[in-house]
There are 2 protein chains.
Amino acid sequence: MANAKWPKETWTRAAMHAIARGGISAVSVDALAAQLGATRGSFYWHFKDRDALLATAIAAWEETDTAQVEARLADIADAKRRMRTLFREIAFNEASDEVPGLEAAIFAQPDHPLIAPVLRRVTERRLQILAAGFKDLGLSPAKARRQAVLVYATYVGWLQLRRTAAHLVPEVAAEGRDARLAVDHLVDQLIPA
Amino acid sequence: MANAKWPKETWTRAAMHAIARGGISAVSVDALAAQLGATRGSFYWHFKDRDALLATAIAAWEETDTAQVEARLADIADAKRRMRTLFREIAFNEASDEVPGLEAAIFAQPDHPLIAPVLRRVTERRLQILAAGFKDLGLSPAKARRQAVLVYATYVGWLQLRRTAAHLVPEVAAEGRDARLAVDHLVDQLIPA
DNA sequence: ACCTGAACACCGTTCAAGT
DNA sequence: ACCTGAACACCGTTCAAGT
């Protein structure tokens, strides 16, 4: 258990990079084995099947994501600034993954059976953070919740438009003048003074 | 060409239903052949490969979608009512596909290489319709465009939240009191008086 | 405990042969 | 023109055998 040639973690890291590169379908036991210089048989000593590897990789992402969002927002006392930060930093600077592109790849397949439950938990946590912020800004609990849903839906759609239509919709790009104007416009309209 | 046992269209319809049921990965040449009572070899007479079938099915959806959105919105003269309709009817009553669930399944895989270019065209067309509406409501061209992007991003995210977190976020459900309140809230905030 | 290598199943693709 | 059926390739999974 301690002296494995290709410990479980090695397969998991390789899978995370494969997901970041080409999504779930890019995770091939055969390809990973070849890449590591191991055999497919070896893989099945550590994992029940391919899905178990995928679940482990996605769970690893969830843990680091939870920790990061918490850390980033806890610092900011002022509610309005916290909201702007959520959009500016998290939505626009492609959250600082330790595996670059992994979050984007996971958000790109929200309906995958292994991703959906994780995304539900992440969504609920973020909605609670947003709703708490809007309550701090003076909204009633019900209105704060509705506003949180509205803002989060916009965030989710914004990310999707960036992936699928960035050239077409310069407003949602990660940088540029159009994008900055659009974000200001968005923040002004979605976040009460 | 006229007297085929399993004409091209039969394969295409079967593929559309398979996509609606389980997404792109549910389209298996082997499974479709078995289902139709044909052989896999027969399939390759009509299509170059599996991707050609997928492309044909997605193109068929694009055509009917284009026609439907055009027809539905052309009727409504008043700009504000047109906007509300876009959200109420199209976003909430699961656009009346002739193949039920197909649009939702396509929106669920926006990054798939065969889906992405189609979705780009659909996105641009819808943004133009929205922006024209906001200009009719008195916004400047630049503001109308930004508002269209904001509204459309919210729409896209709303659909995704419904798919992945409907139980968790009753506000985005297709029906119910919470959902109606949330939509009113949303329309009031996103569509200028 | 950990890994190899052969075997099998599933499914996309090709193609020679039929009608 | 349209279809069959056999063959092959790719890859997930199992398992007996090795160290």
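Because the structure is predicted, anything quoted here is derived from the model rather than measured. Letters A, B, ... mirror the listed sequences (proteins, then strands); counts begin at 1.
The aromatic rings of B/Y152 and B/Y155 sit tilted, their planes meeting at an angle between 30° and 60°.
Under the Watson-Crick and G-U wobble criteria, each requiring two contacts below 3.5 Å, nucleotide D/dA7 is paired to C/dT13. Remark: C/dG18 base-pairs with D/dC2; criterion is Watson-Crick or G-U wobble with both hydrogen-bond distances under 3.5 Å.
No more than 12 heavy atoms of other residues, nucleotides or ligands shown are found within 6.0 angstrom of CD on B/E9.
Side-chain contact between A/V118 and A/H112 is absent, with no heavy atoms from C-beta onward closer than 4.5 Å. The closest side-chain heavy-atom distance from B/I115 to B/D111 is not below 4.5 Å.
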Where protein sits on nucleotides 3-16 of chain D, one letter per nucleotide: B base, S sugar-phosphate only, - none, heavy atoms under 4.0 Å: SBB-B---BBBB--
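Residues A/D65 and A/R126 are paired through a salt bridge, judged by an N-O separation under 4.0 Å between the basic side chain and the carboxylate.
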